[in-house]
Amino acid sequence: MQWNQWTGAMAEILKADKALERALALLEAGEVVAIPTETVYGLAGDATNGAAVGRIFEAKGRPRFNPLIAHVADLAMAERIAAFDPLSRKLAEKFWPGPLTLVLPLRPDASIHRLVTAGLDTVALRMPKGFGGELIARLGRPLAAPSANSSGKISATTAEAVAADLGQKIPLVVDGGQTPVGLESVIVKVEDSRLKLLRPGGIAADEIEAAAGVPLVRGHNAAIVAPGMLASHYAPGAAVRLNASDVREGEALLSFGPARIDAANAVALLNLSEAGDLREAAANLFSHLQALDCSGAKTIAVAPIPHRGLGEAINDRLARAAAPRDMPLP
Ligand code: TXA
Ligand code: MG
């Protein structure tokens, strides 16, 4: 039974400081709730309840074999779910709560439902900041939460974007304002004492390397470890043209840094960060793509983004937005 098909209602939207009890009651009842995190909005359900996890997949229209991140309130909860090696623990202590996801061996006695891990013997864990952390602590159980968007669409960084996309499929959107980081968490995995980068994200790779004291090994993306992800993830409706140095007929422009491209032709124009600040650019990425998508432009031309710091994650998301639709990753 889908909540709003049955009631015919739109999701309730509640400010985060008034939403805790309502969110708890829905989660206890096995429902799903959209919540703010520091990265993007998450579509959360009780990770120990198979029916709740099933509702997450149903609302997103996501292929079932793509595993979800289990969100925890503290390290003790995390250690009941997964076995930590010393390097993973060091990273958790340094970056949690925050935009870091660790893939770890699943404990055989963990209460996580198998649908969360898609039957893998590993589990992705993250401790979110703010409302999510508080909610999980009160619930006393981990929350499975993918980004709160329909499968293949841009991740939502505002409650309004969540409601526009999923409002008729879920009972509650918790409004915590615009998410500060704006990109999903970085995903890493320790394997054979090497630190592998599975997905660039909200913490720059060099910051993780500095804390870990070892290099991050690239080329192991989560899509390969966790089959089912499509190249054209994070796709807006319009086509996306990368590394643009001009604006063509009918295009909108997403620029970065001080204006260098003649935008006189542009159907619409937004700048990720006029100051050329990659953190600001990350925070604006999904909402700007969405706004330009709504401008009616056939194509969004995107200025080059430097590949340092958070630029690596921004370029990863842009490459997916520009990829041919519905193509599996190579
Ligand atoms: O910031 C974030 O990470 C957001 C917020 C809501 O926490 N969540 C998020 O979840 O981005 P989602 O489901 O959109 O992405 C989860 C990623 C997927 O690429 C999935 O393949 C990978 O995590 N993943 C999950 N479990 C895994 C595992 N056991 N091994 C490898 N990759 C895994
Ligand atoms: Mg996602």
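Both ligands and their constituent atoms are indexed starting at 1 by order of listing. Since this is a predicted model, take the numbers as computed values, not measurements. The analysis underlying the following values was restricted to heavy atoms, covering all of them including side chains, and did not include hydrogens, waters or symmetry mates.
Residue A145 places a heavy atom less than 4.0 Å from ligand 1. Heavy atoms of K189 stay at 4.0 angstrom or farther from ligand 1. The shell of residues lying under 4.0 angstrom from ligand 1, judged by heavy atoms, includes I187.
Looking at T39 and R126, their side chains do bring a donor and an acceptor atom within 3.5 Å of each other.
With hydrogens and angles disregarded, a donor-acceptor distance shorter than 3.5 Å links the side chain of K60 to the backbone of N149. D165 contributes no side-chain N or O that, together with a main-chain N or O of A161, makes up a donor-acceptor pair within less than 3.5 Å. Counting only distance, with no hydrogens or angles, the side chain of Q290 and the backbone of T157 share no donor-acceptor pair below 3.5 Å.
Close N/O approach between T101 and ligand 1 is not found [any backbone or side-chain N/O within under 3.5 Å]. Considering backbone and side-chain N/O atoms, R199 comes within less than 3.5 Å of an N/O atom of ligand 1.
Using a 4.0 Å cut-off to heavy atoms of H71, the atoms of ligand 1 that qualify are 5 (C), 7 (O). Each of the following atoms of ligand 1 lies closer than 4.0 Å to a heavy atom of A124: 25 (C), 26 (N), 27 (C). Under a 4.0 Å criterion applied to the non-hydrogen atoms of L120, ligand 1 contributes the atoms 28 (C), 29 (N).
A salt bridge links R141 to E28: one of the charged nitrogens lies within less than 4.0 Å of a carboxylate oxygen. By the 4.0 Å N-to-carboxylate-O rule, E184 lies too far from R320 to be salt-bridged with it.
At a cut-off of 2.8 Å, S147 coordinates the Mg ion (ligand 2) through an N, O or S atom.
The nearest non-hydrogen atom to atom 33 (C) of ligand 1, considering only G42, P67, G98, comes from P67.
Partners of R114 by salt bridge (charged side-chain N to carboxylate O under 4.0 Å, His left out), not counting sequence neighbours: none found. Partners of T158 according to the side chain to side chain donor-acceptor pair (under 3.5 Å) rule, which considers only residues two or more places apart in sequence or in another chain, do not exist here.
Looking at N66 against ligand 1, only its side chain comes within 4.0 Å, counting heavy atoms. The parts of T122 lying near ligand 1 are both backbone and side chain, judged by heavy-atom distances below 4.0 Å.
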